[in-house]
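Input: a single structure, listed below in structure tokens.
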Amino acid sequence: MVVLGPLGGPNGGPSFPAVALNNRGEVIAQADTTTPDPSGNGVISHAILSNETGIVRDLGALPGTNFSYPGSIAQNGLIAGLSNNGLLDPLTGFPQSRAVFWDHNLRIIDLGTLGGYASGAASVNSRGHVVGSALNAIPEDPDIAGIFSGLPAAQQVRAFLWQGGAMHDLGTLGGNNAVATVINEQGDVSGFSGTDNDNVINDATGFPTIHPFIWKNGRMQDLGSLGGALAMPGSFVYGPWGPVMNARGEVVGTSNLPGDASWHAFLWSNGRMIDLGTLGGSKSEAVSINDRSQVVGRAYVTDTPFVRHAFLWENGTMTDLGTIDQCRGTAKGINSKGQIVGGLTCPGSSGDFNDFRPFYVEKGKPMVDLNTLIDPPSDLYMDDAFLINERGEIYAPASTPTGESRAVLLVPLPADD
């Protein structure tokens, strides 16, 4: 176990959901500094970069006493994320954020906006192409953009692609708002968008009609839905970021079914959306895909009693990955070897599901609590696991015995050990 940070402050933690670990073992995370937050809310935290050595590099922030957050690291080490710029959005009173890019020299570059007061970067590829969301200058009331971006906004939010030193609006699927969440090495972009009048909220979902998209060769394509009014890449619970698109341009996500009372995981491949089904219950969600088109996530086994397990889907079949101690599971990361990590929600001493554990599993083998595999043993406790790379390194959150949070990198021991 390699502990990542913090930067002198009390806490550190993973950047999730995000592609925060590459196949070179470079990892990005969040760490508290000792610098007081000017707003009076504790201390400033910064994005950090590390690897199996445990040496931490502070990625800093835009000039001033500002917060930064890492959103993605490419296979060649380029990084994208966001930073506050020290100003307030005059329309909302909320701190302005800016999409930023860290180059090979870890120089931070402000990517700007599309004319509005905020932006944030979600993904970067090895060519230095960055995608994310940015506000434009068009006012919007009510705050529909906040539904898409997760932050207060009084202007429209748009998916952007930054390349060649300029930010480009990728358009929408017919609504006013869209967000880009991932870009692959070929330059394919995935995200989600409103499809019509964004100001019309669906009573069943509480959202406008939203569909996932893929942007390729200058064109945004609607990936559709499984019949419901809400569909997006990734999971409804864990969000549309992270490894939700592979090198082939295949996209995984979650879509409501007709009537919007239930939802299923989907794989969009070769121009069609495939319903991945469930493990016997009514619902499922996809979280991650690898370059072999293997999909992982979570699915109901039964609705009554409520049983939910992690799954692996491949070649048209959803496989139950099992559990430990009757816990509920979610698979969150898979590499090309089929090694899978995720998290469990387990019955605690009171019988309530309030005990959290990380797991490692391979198809056909028993699921293992990652806390039992650490050598030498650590006094840190992991409660989840987010990503696993091609070297078998695992990215996870942990906590100290006194309750401080940490991000950790698990490095496989040599085979003869």
statement: Minimal heavy-atom distance between F213 and A178, with the atoms involved, is CE2-CB, 4.4 Å
- request: Let me see the working for N290 and S336 under side-chain hydrogen bond (donor to acceptor under 3.5 Å, both in side chains), right down to the final yes or no.
  value: CA-CA 6 Å; N290 67 12; S336 66; over 6 Å; no
message: Determine whether R127 and Q163 satisfy the following criterion, side chain to side chain contact (heavy atoms under 4.5 Å, CB included), listing intermediate values before the conclusion.
response: CA-CA 9 Å; R127 293 188 284 176; Q163 63 177 359; over 6 Å; no
task: Would you mind listing every ring pair (Phe, Tyr, Trp, His ring centres under 6.0 Å) that reaches into residues 16-56, with sequence neighbours excluded?
output: F16-F386
field: Heavy-atom pair of closest approach, residues A286 and A265
entry: N-CB, 3.4 Å
- request: Indicate yes or no: at least one non-hydrogen side-chain atom of I201 is less than 4.5 angstrom from one of P208.
  value: yes
task: Not counting sequence neighbours, which residues clear salt bridge (charged side-chain N to carboxylate O under 4.0 Å, His left out) with D169? List them please.
output: R158
- prompt: What's the spacing between L114 CG and F160 CZ if we round to 0.5 Å?
  reply: 7.5 Å
message: Pairing donors with acceptors under 3.5 angstrom, does anything connect the side chains of N84 and S97?
response: no
field: Worked check of side chain to side chain contact (heavy atoms under 4.5 Å, CB included) between I394 and I388
entry: CA-CA 4 Å; I394 297 169; I388 182 167; 3.9 Å; yes
Pair listing, disulfide (SG to SG under 2.5 Å) test, anchored in residues 272-343, at least two apart: C327-C346
- request: Please say whether more than 12 non-hydrogen atoms of neighbouring residues, nucleotides or ligands are located less than 6.0 Å from CZ in R57.
  value: no
query: Would R357 and D325 pass as an ion pair if we require N to O under 4.0 Å?
result: yes
task: Mind checking the CZ-CG spacing from F207 to D260? Nearest 0.5 Å is all I need.
output: 11.5 Å
- prompt: Is the closest side-chain heavy-atom distance between V189 and I214 below 4.5 Å?
  reply: no
Carboxylate-amine/guanidinium proximity below 4.0 Å for E390 and R24: no
message: Is there a side-chain contact between W162 and H168 in this structure, where contact means two heavy atoms from C-beta onward sitting under 4.5 Å apart?
response: no
- request: For S119 and A99, indicate whether the former's side chain and the latter's backbone hold a donor-acceptor pair under 3.5 Å.
  value: yes
query: Is a side-chain N or O of N389 found less than 3.5 angstrom from the main chain of N22, in a donor-acceptor match?
result: yes
message: Evaluate N256 against T205 for side chain to side chain contact (heavy atoms under 4.5 Å, CB included), listing each step before the verdict.
response: CA-CA 9 Å; N256 279 0; T205 66; 3.4 Å; yes
- prompt: Ignoring hydrogens and geometry, is there a side-chain-to-backbone donor-acceptor pair from T254 to H264 under 3.5 Å?
  reply: no
task: Verify, without hydrogens or angle tests, whether S405 (side chain) and G12 (backbone) share a donor-acceptor contact under 3.5 angstrom.
output: yes
field: G8 backbone acceptor or donor facing T34 side chain under 3.5 Å
entry: no
message: If you compare all heavy atoms of S262 against all heavy atoms of S282, which two are closest, and at what distance to 0.1 Å?
response: OG-O, 2.7 Å
task: Search all heavy atoms of Y395 against all heavy atoms of A20 and return the closest pair with its distance.
output: CE2-CB, 3.4 Å
statement: Applied to residues 273-325, the ring pair (Phe, Tyr, Trp, His ring centres under 6.0 Å) test, sequence neighbours excluded, yields Y300-F306
field: Sub-4.5 Å side-chain heavy-atom contact between Q186 and N184
entry: yes
field: Pairwise side-chain contact, I334 with L312, heavy-atom cut-off 4.5 Å (strictly under)
entry: yes
task: For the residue pair D188 and M245, establish whether any side-chain heavy-atom pair is separated by less than 4.5 Å.
output: yes
- prompt: Ion pair present between K363 and E314, side-chain N to carboxylate O less than 4.0 angstrom?
  reply: yes
message: Could you check whether T53 and N51, counting side-chain N and O atoms only, form a donor-acceptor pair closer than 3.5 Å?
response: yes
field: Rounded distance [0.5 Å steps], CH2 in W215 versus CG in L170
entry: 5.5 Å
- prompt: Quick one: CD1 on I48 to CD on Q30, what's the gap to the nearest 0.5 Å?
  reply: 8.0 Å
message: Could you check whether S126 and Q75, counting side-chain N and O atoms only, form a donor-acceptor pair closer than 3.5 Å?
response: no
message: Strictly distance-based, threshold 3.5 Å: is any side-chain N or O of D291 a donor or acceptor partner for the main-chain N or O of A247?
response: yes
message: Side chains of L370 and L410, heavy atoms from C-beta outward: is any pair under 4.5 Å?
response: yes
message: Just verifying a value: how many Å separate H211 NE2 and T172 OG1, rounded to the nearest 0.5 Å?
response: 13.0 Å
- request: Taking the side chain as every heavy atom from C-beta outward, state whether L78 and F101 have any pair of such atoms under 4.5 Å apart.
  value: yes
- prompt: Has the side chain of D89 got a donor or acceptor atom that lies under 3.5 Å from a matching backbone atom of F94?
  reply: no
message: We want to know whether E140 and N177 form a side-chain donor-acceptor pair, criterion being a heavy-atom distance below 3.5 angstrom.
response: yes
task: Supply the atom-to-atom distance L4 CG to R406 CZ, rounded to the nearest 0.5 angstrom.
output: 10.5 Å
Check: L88 main-chain N/O paired with Q96 side-chain donor or acceptor under 3.5 Å: yes
task: Spell out, as yes or no, whether a donor-acceptor pair under 3.5 Å connects the side chain of S45 to the backbone of A31.
output: no
- request: For side-chain hydrogen bond (donor to acceptor under 3.5 Å, both in side chains), just list the numbers for D369 and N371, CA-CA rounded to whole Å, side-chain angles, deciding distance to a tenth of an Å, and then say yes or no.
  value: CA-CA 5 Å; D369 184 334; N371 284 297; 3.2 Å; yes
- request: Give a yes-or-no answer on whether the side chains of N41 and D37 include a donor-acceptor pair shorter than 3.5 Å.
  value: no
statement: Minimal heavy-atom distance between A310 and A331, with the atoms involved, is CB-N, 3.5 Å
query: So, N125 side chain and H129 main chain: donor-acceptor pair closer than 3.5 Å or not?
result: yes
Ring pair (Phe, Tyr, Trp, His ring centres under 6.0 Å) partners of Y117, counting only residues at least two apart: none
statement: Note: A299 and S284 closest approach over all heavy atoms is CB-CB, 3.6 Å
Return a table of donor-acceptor pairs under 3.5 angstrom between the side chains of residues 226-243 and protein atoms on other chains or two or more places apart.
unit_1	atom_1	unit_2	atom_2	d
S235	OG	V237	N	3.0
S235	OG	Y238	N	3.2
S235	OG	E285	OE1	2.6

task: Take D384 and K332 through the test salt bridge (charged side-chain N to carboxylate O under 4.0 Å, His left out) and record every step on the way to the result.
output: CA-CA 9 Å; D384 208 336; K332 296 177 180 174; 2.4 Å; yes
- request: With side chain to side chain contact (heavy atoms under 4.5 Å, CB included) as the test, would you mind laying out the steps for L373 and V368 before giving the verdict?
  value: CA-CA 8 Å; L373 301 183; V368 182; 3.7 Å; yes
